[in-house]
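Down below is the structure, laid out as structure tokens.
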Amino acid sequence: MSTTGGAGAPQQHGESRVVQIYCTLPQGAAAYCPLQLSALDTSRTVVCKAVITLGLDSSQTYNLLEVRKSGRGETLLEAGERPLQRVLLWPPEAQKWHPQTQGYYFILQQKQSNSGFNQDESRREDYDDLCSLQTVTDESILEVLRQRFYRLKIYTYARNILIAINPNRFLPVYYNPKYVQMYEKQPLGKLSPHIFAIADVAFRTMLKRQVNQCILISGESGSGKTESSSYLIHCLTALSQKKYSSGLERTILGAGPVLEAFGNAKTSDNNNSSRFGKFIQLNYLESGIIRGAVIEKYLLEKCRLVSRDKTERNYHVFYYLLAGASKEEQEEFHLLNPQDYLYLKQVEDNDEEEKLGQEYKRLHQAMEMVGFLASTKKHIFSILSAILHLGNVTYKLSENSQALEVGPAEVLTTLSDLLKVGSSVMYTKLCYATQLRDSMAKCLYSALFDWIVLHINHAMLNRRDMEESVSCLSIGVLDMFGFENLHTNSFEQLCINYTNEKLLHYINQNIFKLEQDDYVSEGITWQYIDCTDNSGCIQLLGRKSTGLFDLLDRESNLPQATDETLLEKLKQQHQNNPFFELSQTIRLAFTIQHFAGKVNYHIKDFREKNTEHMRPEVISLLRSSERSFLHHLVASSPAALFRWGILRATIRILTVFKNMARHRAEFGWYRCQTSLPQIPQRHETSQQSGLWSHLCFIKQNLMDSRSLQHVVDLTAHDRTSKSVFQPFQRTRPPTISTQFQASLSKLMETIEKAEPFFIFCVRSNAEKRELHFDGELVLKQIKCTGIVQMVNLQKSGYSAKYTFAEFVKKFRMLFPKGATASPAQITGLFERMELNKTTYQIGKTKVFLKKKERQLLQDTYNKEVMDHIIILQRWFRACLIRLHFLQKRDATRIIQVELEYTPHPYQMPNQNITKANRNPTIRISRATRALEWNASLDREITDPKELRQLDEFLGNQVNELQSRIKKLSPTESIFLTSTMQFRETIKSMYSVQPQIAYKDLMKGYHNKVNTLAGPTQQAEVSLVVNLFQSVLDGFIRAELKRMENEPAKVNATKVTKKRKKEKSPDSPLDHLFSTYQVNIMQSCDICGSYIWGMEKAHMCSVCKLICHKKCLGKITTDCSTRCDGSVRGSLHFGVQVCVLTSNANPVPKVVELLLLHVELNGLYTEGIYRKSGSACQARELHQILETNPESVCLDSYPIHTITGLVKRWLRELPDPLMTFSLYSDFLHATELPEKAERIRAIYQKIDELPPANYNTLERLIFHLVRVAKEEEHNKMSAGSLAIVFAPCVLRSPDAEDPFLSMKDVSKTTLCVETLISEQFRRYKEKMQNIEKLEHAEAMAVNQLKLKRQNTVRGIYKSGLYVCQSGLYMAKMHYASSHHRPYKGEKHEMYVKFSPRLS
């Protein structure tokens, strides 16, 4: 069963499938009924249909159950669930037809009567949102959460708050890419609760309101906060990637696994516990494109490195390294078994070594994603190995003296090799005590972790942020350590729990206090709901002078202080505080009453941990290393070290050159030249080697000091690893608690500036058992977090509030004219709408509404707007028709007047004087003025090769006429111009499967001649057309004769082509697969097995199906976003494009028929797509095209009727050509500032269209290019065409709110105009290249003719033929390969879509 109630829901309401419902009722055998269901049909609707179809007793109550082969048994579907969403989660072979033998089907069974809390169990709304409960108590909420948990529904809403229960198991179908697509742009609560819904709403709210957002994740340790934050980042980057992929998303996704490996560990409560806090801030442009990201970390638990409880582990990365390192790495890093290290052997590791090895490989891939070089990774792993070996350093008293001896010797040698530090220095520094050894290990690991965070932030930095002043928005994801109450709690747990107290206080302030204070200040009727007040505990810990942290700081600075004195001071100061008491059972311990219960803290090592800075001995030891990487770890100022490294490298390079110059002067040029290769070797000491590695590191990672300093400043609040303890200085570095409180204060300031969303994570059980619900533990968490009070507030409160002015401005059209922003006017509106008075209140300056009433207002407003739009359209059309009528009436009167005074023909002398001077070379009979087509013109062209031969033939005729006649007559001039332009029309048909008669070509040629002749040369039209017809007759006769002589060859060619087509199938079942790197664990939609993080998979960019590479051959169903050809509402109009296309007809027949007719007969008609035709003729033609398009005679209809049908066909598509799913992506692509980026982004999205839509849109855009080319005659520019066609091919999926579509008009128009303009540019560029080739061919032919006249004719005859053929073939090769079409046909002459800019 799906954990969200369904994935991959069809996005259009019209999509439907046939689903079989099996009946296993007591009164009959197993039977089934097929029902056609849409995406919006619920289980309640399905049950009603099945009961009627099967003739069952409608007075009984029935349930719908889902059966899956996986062994989970029967799963009950609630009344509001959508069964079609469940079907889309089944294996592909079971989706179209699902017999019981396949193991995936639905069962209808009679409901058994029961009692108790779940008596109204079929009401699904009672489960999705806790606010729909009739009675809100701790027990009722617990029961709802339990019921949902055992149905694998781990998410539940409390209005806009999400409650997530950790199942302690990966639920594979929950987080596949299609879930991101499923929840995109869906209002909260429309679909089943999901964490992706919160991410999408935060993203849309940020774009809509242009305000920063923040998602706070809270909960105990082990409640799933880390996984939740990973899912949020995954969804937020995917939403940005849909708009325009910049590659930054890959870096952000790779940062998570790296930080988890180095900062997470296994504890008694959690197998993947974050031992540090992090705040990830994703920065976006105002258009929604991700700009960069910053990670802020808080309080890494360093003590875990050297000591832990027996049931806990060290950081993950150590176990990954030891289990996954190759033999070469084991030798290079001196690796041992985990039990051979003191820092690791406190616990027996039960994890499989193979699993840890796989995690090591994934860590490598993640480190590469964030930009770590291979050499840098070696440095990191060397330091990790050195830290482990530090734990094996032992101390013992010398036999001769009381001094400590350090050993064993092999460990010191290994440390010296790993850290590149001299053995004597190592021995000297480590001979103090065990505390120095552990301090060095903790300082080294903390510095390494800080450097990794710094490097990741630098990799996610957008350099433009330092150069440009671009306003950015952000979404922050806060994943802080959860509340902890361990067996032994120390200083770290005190800081962690203090953080949770602060977060709870912030949550209560936002959810309870601020909202209710607004109600009270507005004077509305409201019963105050109290919440948990934890300010007393916060004051106990953080108050100045008297707080626990301040007392700890003072005691830490006193050299004579001890644990006992510290505890005594705490007792003296807070013995009367109700939140503080001394432990009665544990010595040197105290107890604090937190919001989640009492916690005992052991005061041992509080002072040491609070002042745990880097010791000078450790700093000097690491700075003596020959490895420059260690210098970066301990540098107090990375930017200063960077600048010093550049200066030092420059000085050394100058020294080398100076020595080379001296060497040259002393020994001469020859000896200097021969000894040059030895000079680098002479200077390549270990120190020099460190220099070069230092320079390589700088070059690849930290490009300049400015960007480095910028990143350092972003995280300057956390400098715990850079504080150095100097015992002889008066000013001491700030303590850990002081720095932590400062960091926390800065974090709260950042959060308070953003609009928050809240996610409460709940631990299902304390034993980390999979899918086990511990009611007592969950109930405790419900009470601690105050969920009951939150639900009551959300249920009783008002989700929408406006000031009077905002309300009247937003719903202006619902008010009478001249209405003011007064309470009386607003009250009058609510009374006219008959709203329940309990669902709204009007305060002093604001109006408050419930969610349903706000939606009702919006729906009413939308309906009113649509009514006004219809009235405006009706008025405008009436005015337009009236204007046309007046124009025709005036024109009729003028014609009548002229007819009354026009003289008879015998009264008009000298009719033919202007036609006296004709060029004698045109031998056309003047008697043949009437255009009568020969019978040969009825022949149809079905082969593109014949078009190319006709084009070549006309080109030869034009060249011959130009070379033979120096001065052209008006008739010849029109003939040449018309023929040259007509050749462009022929070229444009190369890519189309031609099926056109020669008489249609003649009609198109006639229209072209009419346009070029104009009103002054109409007498020349018949002569030119007759001349062209005679030329065409000659070509047709020659073509018929050629076909008679070569029948067998033609047939063989056709058979060969047919076979070739059979061998080249289409893309696999319409899916558009691309390689996809998984960053969070997912599952294969085909075989159901896991796809682990960092693995490569294949994902369809349209339907988001994801699978292994090996499963590609197992796919048996078409792309789920494509149409189902079995369901048709019409024959040719109002049908999805894929139903009307095939391999033989990649473009629908009706569209090709209409476009071709317009191209031949209407390109020169003024306002060809701006004006509308007769409505009666349009209906008549529509009916013919709908039933039998092959029999239609388009010549019988005006051209504007034809163009009107083109627009109607596009408008009636259930899913427009540019698809609803990509609508917002196309719009965001138009918002890119640079034109080149805008074009590239639009073409990237076009490449994601289904093949049928792609081909049809490509044909349409080429048609519009041809229309725009004749702008001089038809007055239709690219912008004008975009205005007409943008609403047809790029429609908004939200038809309910008319203002949304109106706001997007400029963007949709710009998108279509960009397409037309770019394709027009490429078209002109290609035609210019072809003209150049043809001109070169004509010049070569003329030169050969001249040579042939002066030499023996027979010698040059074959050469002429070869030259002509060769130049023509070169021309065709250039035209077809230099501008290579994206879809791959060799002879396509119109410009195809391409993802690359040409």
Side-chain angles (χ1 to χ4, degrees), residues 918-924 944-990 1005 1008-1009 1012 1024 1027-1039 1041-1042 1045-1046 1322-1380 1386-1390:
R918 296 287 181 188
N919 193 305
T921 60
I922 305 295
R923 296 185 176 88
I924 304 291
K945 183 179 179 181
E946 189 172 341
L947 281 175
R948 291 194 291 273
Q949 291 172 347
L950 175 60
D951 181 33
E952 182 184 5
F953 179 80
L954 293 177
N956 292 336
Q957 295 294 321
V958 169
N959 293 335
E960 183 181 355
L961 184 60
Q962 286 178 329
S963 62
R964 184 161 50 87
I965 303 174
K966 302 299 181 184
K967 185 177 181 181
L968 299 176
S969 67
T971 302
E972 293 163 340
S973 177
I974 295 175
F975 173 77
L976 285 176
T977 307
S978 301
T979 305
M980 292 172 65
Q981 293 185 7
F982 187 71
R983 291 184 63 202
E984 292 187 14
T985 302
I986 296 176
K987 288 182 176 67
S988 67
M989 297 179 185
Y990 286 179
Y1005 187 84
K1008 191 177 292 291
V1009 173
L1012 293 176
V1024 175
L1027 176 58
F1028 183 77
Q1029 182 177 343
S1030 64
V1031 173
L1032 203 57
D1033 285 340
F1035 172 78
I1036 295 173
R1037 287 193 298 271
E1039 186 68 16
K1041 187 174 181 180
R1042 183 187 64 80
N1045 296 333
E1046 302 177 356
R1322 299 181 185 187
Y1323 175 83
K1324 290 193 296 184
E1325 183 179 305
K1326 178 177 285 189
M1327 296 310 298
Q1328 289 171 1
N1329 292 330
I1330 293 175
E1331 288 176 6
K1332 291 178 182 178
L1333 287 172
E1334 291 180 342
H1335 179 71
E1337 180 187 13
M1339 293 290 293
V1341 170
N1342 291 334
Q1343 291 177 4
L1344 287 172
K1345 284 184 178 180
L1346 292 175
K1347 290 183 179 181
R1348 185 174 57 181
Q1349 293 172 2
N1350 299 324
T1351 57
V1352 181
R1353 181 173 299 181
I1355 298 176
Y1356 289 93
K1357 186 174 182 179
S1358 60
L1360 173 63
Y1361 175 78
V1362 173
C1363 183
Q1364 286 179 322
S1365 301
L1367 283 172
Y1368 181 75
M1369 293 304 295
K1371 172 185 69 177
M1372 295 306 300
H1373 176 73
Y1374 181 87
S1376 63
S1377 64
H1378 182 67
H1379 297 272
R1380 189 175 302 276
K1386 292 184 178 179
H1387 299 290
E1388 292 174 345
M1389 297 304 297
Y1390 71 87

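This is a predicted model, so every value here is computed, not measured.
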First locate atom [atom1] of [X], then atom [atom2] of [Y], and finally report the distance between them rounded to the nearest 0.5 Å.
{"X": "Arg1037", "Y": "Leu1032", "atom1": "CZ", "atom2": "CG", "answer": "10.0 Å"}
{"X": "Leu950", "Y": "Arg983", "atom1": "CG", "atom2": "CZ", "answer": "9.5 Å"}
{"X": "Leu1027", "Y": "Ile974", "atom1": "CG", "atom2": "CD1", "answer": "11.5 Å"}

Self-check item: Qualifying residues under side-chain hydrogen bond (donor to acceptor under 3.5 Å, both in side chains), relative to Thr977, sequence neighbours excluded
Solution: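 Scan of Thr977 (side-chain hydrogen bond (donor to acceptor under 3.5 Å, both in side chains), adjacent residues dropped) gives none.
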
Quiz item: How are the rings of Tyr1005 and Phe1028 set to each other: parallel, tilted or perpendicular (split at 30° and 60°)?
Solution: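 The rings of Tyr1005 and Phe1028 lie parallel, inter-plane angle below 30°.
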
Exercise. For side chain to side chain contact (heavy atoms under 4.5 Å, CB included), just list the numbers for Phe953 and Val1031, CA-CA rounded to whole Å, side-chain angles, deciding distance to a tenth of an Å, and then say yes or no.
Key: CA-CA 9 Å; Phe953 179 80; Val1031 173; 3.5 Å; yes

